[in-house]
Amino acid sequence: TLFPKTVATGIRHGTVTVFYEGHPVEITTYRVDLAYRDGRHPQQVRFTPSLVEDLARRDFTINAMAQDLQGHWVDPYQGRIDLANRVIRCVGSPYIRFQEDALRILRALRLATELEFHIEETTFLAMLATAPLLTKLSGERVGQELWRLAGARNWFLELQFLANPAFWKPLGVPFLALQPGLATLARREDVHQASWLTSVPENPDDPQKRALAGLATWLWIGQQSPEAAIALARRCGWPKVIGNKLGRTLAFMQEDPAQWSMLTWRKRLYDGPRDALSLACRVMDWSSRMDSNGSESRWHRYQEFWHNHPLPAPQFLTIKGEDLIQLGLRGQTIGRMKEALVMEILSGRFPNRREDLLAHAQEISQTLVVSQNQEPE
């Protein structure tokens with residue numbers, strides 16, 4: 001009744017969304033959660049006038065603090081002390097907190113990674129003991145935490161935690177594909193967070209770019225296939241473009257651009273996606289300890305071939321479909337002629353000039369016309 005526009009988004013649990021100055025604000029009544037039905041959601045809630053009772057149901061002490069309108073702190077679980085000491089600690093019994101909601105296990109790992117905090121020992125032991133409950137989580141919920149974890153700047157600092165198979169086995173395939181790479185990185189003493197941040201993500205300040213680069217690194221170091229990358233993205237409910245990009249990145253790595261000829265480089269750059277190819281080059285250079293500025297590095301070759309590319313994309317082909325129709329071509333034959341001309345340009349036999357391409361198309365069009373006339377109706 002206090003606000004002109006509200007939506008009862010979670011009224012059973014006491015939550016109403018208020019639209020204030022164009023922004024949605026969730027307001028929840030103080031409550032106590034009763035028995036949990038599925039390791040994620042309480043079957044019932046009991047409303048309470050006590051803020052301290054409400055804070056008792058929170059996950060970690062740093063999330064169990066409040067301030068009143070006068071600025072006085074309500075901090076019954078010493079969250080401010082843990083915040084100052086950079087500690088992740090459960091409110092009350094960690095075993096009960098994780099049994100209530102298994103997603104809190106992944107959230108603890110993610111918060112420690114994002115914030116560069118350390119997990120208090122009893123809390124971590126409870127995470128290991130309750131890790132089998134992770135089987136109850138949906139792929140989408142796991143995917144939300146995983147994406148933020150992979151996009152954290154400081155995941156290197158938590159490798160010993162992240163590599164623990166106890167957190168991956170309950171999640172099963174395809175999440176298990178990430179563990180071997182993390183374990184390998186945890187054993188390597190010659191890799192550093194700073195070198196990865198400066199050489200692998202396209203933009204180290206962009207968490208989305210970091211997440212994609214992190215996932216590609218873990219999968220590649222763990223010798224996973226493009227199909228495993230696509231399956232992971234699908235299970236996490238990520239946009240299809242993410243799965244496709246991860247899959248193409250792993251496919252380029254399997255081919256190894258260091259072995260490509262000039263024609264193959266030009267063809268791969270022409271076909272794309274170029275951002276997947278550039279990421280593949282940077283990850284492979286970093287994982288093989290190669291200086292990305294060196295003339296033999298994959299990333300250096302990528303930049304060189306792209307800078308000197310004779311036909312960067314299909315829309316830059318100077319000859320058009322109308323030109324080929326005037327030569328008597330039709331249907332699929334037009335596409336085959338364009339493909340032939342593109343290969344002539346990429347191989348360096350012809351420049352991408354309209355008059356040269358028209359003359360060459362005229363020479364070989366008779367062969368294609370005969371071919372198209374022999375095709376069955």
Side-chain angles (χ1 to χ4, degrees), residues 200-203 209 212-213 216 220 225-227 229-230 233 239-285 290 292-327 329-365 367-368 371-372:
V200 177
E202 182 182 349
N203 181 354
K209 301 290 187 184
L212 199 64
W220 171 247
S225 67
E227 292 75 23
I230 295 170
K240 190 174 181 180
V241 65
I242 297 296
N244 291 340
K245 196 166 293 185
L246 277 175
R248 289 298 296 147
T249 300
L250 268 292
F252 285 135
M253 290 174 174
Q254 285 186 340
E255 292 185 24
D256 191 356
Q259 309 301 320
W260 290 349
S261 65
M262 179 194 73
L263 179 58
T264 303
W265 266 106
R266 288 180 171 183
K267 188 73 168 64
R268 296 292 182 270
L269 286 165
Y270 176 82
D271 292 335
R274 288 192 297 275
D275 53 353
L277 177 52
S278 67
L279 177 57
C281 291
R282 295 194 301 272
V283 171
M284 293 189 77
D285 281 350
M290 181 173 284
S292 60
N293 295 317
S295 59
E296 296 303 312
S297 78
R298 300 166 184 84
W299 176 234
H300 178 84
R301 293 183 186 183
Y302 172 95
Q303 293 175 299
E304 183 179 27
F305 281 113
W306 175 239
H307 180 72
N308 298 302
H309 204 287
L311 185 60
Q315 61 266 32
F316 295 108
L317 185 66
T318 56
I319 195 169
K320 306 302 178 186
E322 298 80 29
D323 300 319
L324 301 178
I325 291 173
Q326 291 181 6
L327 295 179
L329 302 180
R330 67 176 188 275
Q332 296 180 354
T333 311
I334 294 175
R336 290 203 293 270
M337 173 64 85
K338 282 188 175 182
E339 290 173 4
L341 294 176
V342 165
M343 289 305 296
E344 295 288 323
I345 295 168
L346 298 183
S347 65
R349 288 190 288 269
F350 280 89
N352 186 25
R353 286 199 300 263
R354 185 171 180 274
E355 57 272 20
D356 294 300
L357 295 178
L358 277 173
H360 185 58
Q362 181 71 51
E363 290 178 10
I364 62 176
S365 62
T367 303
L368 289 176
S371 174
Q372 80 178 11

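Nothing here was measured: the structure is a model prediction, and the numbers come from that model.
Rounding to the nearest 0.5 angstrom, the gap separating the CD1 atom in Ile325 from the CD atom in Glu322 is 6.0 Å. Glu304 CD to Ser297 OG: the interatomic distance, rounded to the nearest 0.5 Å, is 10.0 Å. One finds the OG1 atom of Thr249 at 11.5 Å from the CE atom of Met284 (value rounded to the nearest 0.5 Å). Atom CD of Glu363 and atom CG of Leu327 lie 11.5 Å apart (nearest 0.5 Å). Atoms NZ and CD, from Lys320 and Gln315 in turn, are 8.5 Å apart once rounded to the nearest 0.5 Å. With values rounded to the nearest 0.5 angstrom, Leu329 atom CG is found 5.0 Å from Met337 atom CE.
Under the ring pair (Phe, Tyr, Trp, His ring centres under 6.0 Å) criterion, Tyr302 pairs with Trp299, not counting sequence neighbours. Partners of Lys209 under the salt bridge (charged side-chain N to carboxylate O under 4.0 Å, His left out) rule, at least two apart in sequence or in another chain, are Glu202. Under the side-chain contact (heavy atoms from CB on, under 4.5 Å) criterion, Gln254 pairs with Ser225, Pro226, not counting sequence neighbours.
Between Trp260 and Trp265, the ring planes lie perpendicular to each other; the angle is over 60°, past the 30° to 60° tilted range. Between His309 and Tyr270, the ring-plane angle classifies as parallel under the 30° and 60° cut-offs.
A 4.5 Å side-chain heavy-atom check between Ile319 and Asn352 finds every atom pair outside the cut-off. The closest side-chain heavy-atom distance from Pro312 to Trp306 is below 4.5 Å. Using a 4.5 Å heavy-atom cutoff, the side chains of Thr333 and Arg336 are in contact. When side chains are defined from C-beta on, Lys245 does not count as touching Pro273, because their heavy atoms never get closer than 4.5 Å. In this structure, the side chains of Leu357 and Leu317 come closer than 4.5 Å at one or more pairs of heavy atoms. Annotation: side chain of Leu263 is in contact with side chain of Met343 (closest heavy-atom distance under 4.5 Å). Residues Gln362 and Leu358 fail the side-chain proximity criterion, which asks for heavy atoms closer than 4.5 Å.
When all heavy atoms of Gly272 and Phe252 are compared, the closest pair comes out as O-CZ, 3.9 Å. Scanning all heavy atoms of the two residues, the minimum distance from Arg274 to Leu269 falls at CG-O, 3.5 Å. What you find for Met253 and Leu279 is that their closest heavy atoms are CE-O, 4.5 Å. The minimum heavy-atom distance linking Asp323 with Thr318 is given by the pair OD2-O, 4.5 Å. Heavy atoms only, all atoms of each residue included: Ala276 and Arg248 are closest at CB-CB, 4.0 Å. Counting all heavy atoms, side chain and backbone alike, Pro257 lies closest to Arg301 at O-NH1, 4.3 Å.
Between the side chain of Arg298 and the main chain of Met290, no donor-acceptor pair closer than 3.5 Å is present.
Remark: the Thr264 side chain and the Arg268 side chain contain no N/O donor-acceptor pair separated by less than 3.5 Å.
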### Worked verdict on Leu212 versus Leu246 for side-chain contact (heavy atoms from CB on, under 4.5 Å)
CA-CA 7 Å; Leu212 199 64; Leu246 277 175; 3.9 Å; yes

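In this structure, Arg353 forms no cation-pi arrangement with Phe350, as its terminal cationic atom is not both closer than 6.0 Å to the ring centre and no more than 45° off the ring axis.
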